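This report concerns only the one structure given below.
One-based numbering along the sequence shown. Bear in mind that the values here come from a model prediction, so they are computed numbers and not experimental data. Counting starts at 1 for both ligands and their atoms, following the listed order.
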Amino acid sequence: MSEPKSKTSAHTVTVIGGGLAGCEAAWQLAIRGVTTRLVEMRPSRMTPAHHTGDLAELVCSNSFKSEDVETAAGLLKSEIGCLGSIVLQVAHETSVAAGGALAVDRKRFSQTLSARLDVHPRIELVREEATTVPPGHVIIATGPLTSDAFAHALSGLVGEERLAFFDAAAPIVDAEGVDREAVFAQSRYDKGGGADYLNAPMTRPEYDAFYDALVGARRTTLREFERRELFQACQPIEEVARTGRDALRYGALKPVGLTDPRTGERPWAVAQLRAENAAGTAYNLVGFQTNLAFGEQERVFRLIPGLRNATFLRHGVMHRNTFVDAPRLLDRTLALRAEPRIRLAGQITGTEGYAEAAATGLLAALNTVADLRGSSPVLLPPTTALGALVAYATDPDTSAYQPMHANFGLIAPLEPPVRGKRARYAAYSRRARADLEAWLIAHGDILAEEPVDE
Ligand SMILES: Cc1cc2nc3c(=O)[nH]c(=O)nc-3n(C[C@H](O)[C@H](O)[C@H](O)COP(=O)(O)OP(=O)(O)OC[C@H]3O[C@@H](n4cnc5c(N)ncnc54)[C@H](O)[C@@H]3O)c2cc1C
């Protein structure tokens with residue numbers, strides 16, 4: 001006798017985009033009894049960065065970053081491993097030696113994952129470009145290089161002003177590495193109550209040294225399509241600097257309206273740091289959107305006196321990148337607040353990175369299953385790497401939203417505080433793993449799979 005039909009099997013969910021997020025989402029739906037249409041436009045319509053028709057093609061690096069659970073990247077992977085990520089499983093099956101990182105043989109990775117999805121009886125792979133959002137439950141996972149026609153449909157859905165085509169993210173540093181002796185708290189002209197910013201002042205010789213390093217630093221190589229389009233959108237700090245030695249003193253590093261309490265004078269130049277979260281555990285370098293190579297960012301920006309010992313939680317990036325203003329649009333289940341049958345996953349939500357794409361695909365699928373089953377939403381503890389990332393990305397208080405990967409700066413501070421970066425990260429990791437374990441005991445039934453009828 002066959003198994004009784006589940007409540008979910010009566011539904012078809014459409015997943016648009018067969019990248020990392022879409023593949024993860026389709027798999028998670030299918031193994032829970034949901035018939036899934038996975039719509040992927042390649043190979044008939046390619047993106048400017050993909051080269052094959054394989055699902056989940058990795059467009060750049062073959063690394064999913066560190067496996068050390070005491071890093072945010074490693075913790076995120078351990079969490080999605082506990083939640084049964086197929087992307088992570090296949091990444092392990094196709095891994096190549098890479099020290100402490102999880103790197104894959106990219107061809108075997110995407111071909112193995114494609115094959116796994118291809119043979120699943122509940123997944124129908126449709127090779128066509130989606131140009132509209134279909135009716136019913138939908139997960140949109142069209143990624144940073146969403147096709148123009150679909151971007152048009154999406155902007156009709158969310159509002160043109162809520163969809164971006166480029167990111168221009170400034171670096172974020174850990175608050176603990178900011179030298180409090182070398183910075184002062186003050187808002188320009190003391191607006192808004194006074195002390196919303198930390199200011200890292202520079203003397204003229206310090207500015208000159210910083211300037212020379214900045215204009216001489218190595219930049220990342222952009223792809224042709226990015227070079228063409230990106231610089232029409234926004235200028236990186238090093239490009240502004242190239243226009244003249246004082247350009248930054250009239251722009252991102254302008255000192256007007258600021259007085260250094262140690263000298264009683266206006267500094268020669270000032271780098272402003274804005275708190276990234278209410279707890280003040282991370283700071284954004286205001287106006288430091290950059291295309292410098294990551295190592296160069298650390299070398300050059302540490303020349304600013306208050307940042308000599310800074311730890312970079314996120315490096316600045318400037319990419320061609322389609323993403324929505326998630327804090328204004330999405331709830332914590334990744335559903336559009338205005339139309340909750342539609343969820344978003346992957347880079348289109350503004351979360352960035354291979355593991356992050358798989359993670360949000362997984363979460364969007366579990367929440368769609370929860371909707372279909374009429375069970376409660378799947379909200380991970382905000383102390384976990386994934387819970388904190390989604391809480392940040394969907395918090396209406398998150399302003400000037402730019403793509404974000406998992407990092408410890410997003411996680412609520414420890415009580416009592418733990419001094420020292422290494423000890424603190426280890427404590428974050430321990431707390432996250434314990435909280436996820438407790439969550440799984442209380443809510444783990446959502447992970448139950450439905451066998452395929454023979
Ligand atoms: C040039 C570039 C380099 C990057 N390098 C890295 C890196 O080294 N490491 C890293 O972690 N992250 C990198 N990223 C970010 C990376 O894209 C994401 O981490 C990850 O691929 C996002 O997964 P995703 O599933 O959201 O999107 P993708 O993996 O891009 O998948 C989206 C899928 O949707 C399909 N699609 C698009 N529009 C349509 C449509 N209308 N109809 C049907 N299908 C459609 C696409 O063909 C694609 O297969 C890079 C991004 C870019 C643009």
Side-chain angles (χ1 to χ4, degrees), residues 14-27 37-66 73 76-77 87 91 101-104 106 109-110 113-114 117 125-134 138-154 165-167 169 220-227 229-230 291 294 314-315 317-324 326 334 343-362 364-365 403-406:
T14 306
V15 177
I16 307 177
L20 290 159
C23 286
E24 184 71 56
W27 180 262
R37 280 183 91 233
L38 176 58
V39 183
E40 168 54 55
M41 67 178 185
R42 289 178 293 115
S44 57
R45 182 175 284 275
M46 299 297 277
T47 78
H50 290 82
H51 297 293
T52 73
D54 296 337
L55 299 177
E57 180 184 334
L58 303 177
V59 290
C60 191
S61 159
N62 67 334
S63 171
F64 282 67
K65 299 189 188 159
S66 174
L76 176 67
K77 283 193 284 297
V87 165
L102 173 59
V104 299
R106 66 175 73 239
F109 168 76
S110 49
L113 194 52
S114 300
L117 266 68
L125 178 56
V126 180
R127 295 282 189 173
E128 68 185 26
E129 179 187 9
T131 54
T132 55
V133 179
V138 178
I139 296 177
I140 296 173
T142 46
L145 304 171
T146 293
S147 75
D148 292 348
F150 193 73
H152 183 71
L154 189 57
F165 294 95
F166 301 94
D167 60 28
T220 49
T221 313
L222 290 176
R223 298 176 188 220
E224 180 50 33
F225 72 91
E226 292 185 299
R227 260 197 300 277
E229 299 171 8
L230 185 58
N291 239 322
F294 288 177
R314 178 185 78 188
H315 291 93
V317 286
M318 296 185 72
H319 282 140
R320 167 76 169 79
N321 194 353
T322 315
F323 67 102
V324 300
L334 300 174
R343 289 195 161 79
L344 273 64
Q347 189 119 351
I348 196 89
T349 66
T351 58
E352 176 156 271
Y354 296 155
E356 285 80 349
T360 51
L362 200 158
M404 183 65 84
H405 56 68

Tell me which one of G346, A345, G17 gets a heavy atom nearest to atom 34 (O) of ligand 1. G17
Distance-only side-chain donor-acceptor flag, E129 / S147, under 3.5 Å: yes
Is S61 close to ligand 1, meaning an N/O of one under 3.5 Å from an N/O of the other? yes
Contact check: E40 vs ligand 1, nitrogen or oxygen atoms, below 3.5 angstrom: yes
For a quick check under 3.5 Å, do S114 and D54 share a side-chain donor-acceptor pair by atom type? no
As a check for students: among T142, V317, N321, identify the option with a heavy atom nearest to atom 37 (C) of ligand 1. T142
Contacting atoms of ligand 1, where contact means under 4.0 angstrom from a heavy atom of A357: 22 (C), 23 (O)
Can a donor-acceptor pair be found, under 3.5 Å and without considering hydrogens, that links the side chain of R106 to the backbone of L58? yes
Option with minimal heavy-atom separation from atom 51 (C) of ligand 1, where the choices are N62, V59, T360: V59
Do T47 and R45 meet the criterion of a side-chain donor-acceptor pair at a distance under 3.5 Å? no
Would E57 and R42 count as a salt bridge (Lys or Arg N to Asp or Glu O under 4.0 Å) if you check the C-alpha gap in whole Å, the side-chain angles of each, and the deciding distance to 0.1 Å? CA-CA 10 Å; E57 180 184 334; R42 289 178 293 115; 3.4 Å; yes
Using heavy-atom distances, let me know which of H50, H152, R127 sits nearest atom 30 (O) of ligand 1. H50
For E129, counting its heavy atoms only, list the atoms of ligand 1 lying under 4.0 Å from any of them. 41 (N), 42 (N)
I'd like the name of whichever of P144, A355, S147 reaches closest to atom 53 (C) of ligand 1 through any heavy atom. P144
Within the 4.5 Å heavy-atom criterion, are F323 and I348 side-chain neighbours or not? no
Shortest non-hydrogen pair, V87 vs F64, comes out as CG1-CE2, 3.9 Å
What heavy-atom pair brings G53 and R127 nearest, and what distance separates the two atoms? O-NH1, 2.8 Å
Going by the atom numbers of ligand 1, which of them fall below 4.0 Å from some non-hydrogen atom of A21? 25 (O)
Heavy-atom contact check, 4.0 Å cutoff: does H405 meet ligand 1? no
Per-atom filter on ligand 1: closer than 4.0 angstrom to a heavy atom of C60 are 3 (C), 4 (C), 5 (N), 6 (C), 7 (C), 8 (O)
Using a strict 4.0 Å cut-off to heavy atoms of G143, name the atoms of ligand 1 that fall inside it. 26 (O), 27 (O), 32 (C)
Under 4.0 Å from one or more heavy atoms of A141, ligand 1 contributes atoms 32 (C), 33 (C), 34 (O)
Determine whether V133 and F150 make a side-chain contact, defined as any pair of heavy atoms from C-beta on separated by less than 4.5 Å. yes
Taking only non-hydrogen atoms of F150 and a 4.0 Å limit, the atoms of ligand 1 in range are 41 (N)
Anything under 30° is parallel, anything over 60° is perpendicular, the rest tilted; go ahead and classify F294 against H315. parallel
Tell me whether ligand 1 is touched by H319 - counting only heavy atoms on the residue side and a distance under 4.0 Å. no
Heavy atom to atom 16 (C) of ligand 1, shortest distance: which of Q347, R320, E352, E128 holds it? Q347
Less than 3.5 Å apart, any donor N or O on the side chain of S61 or S63 sitting next to an acceptor on the other? no
Please could you name the atoms of ligand 1 that V39 approaches to less than 4.0 Å, counting only its heavy atoms? 43 (C), 44 (N)
Using a 4.5 Å cut-off on heavy atoms from C-beta on, say whether the side chain of L102 contacts that of K77. yes
Is ligand 1 under 4.0 Å from a heavy atom in the side chain of R42, in the backbone, in both, or in neither? side chain
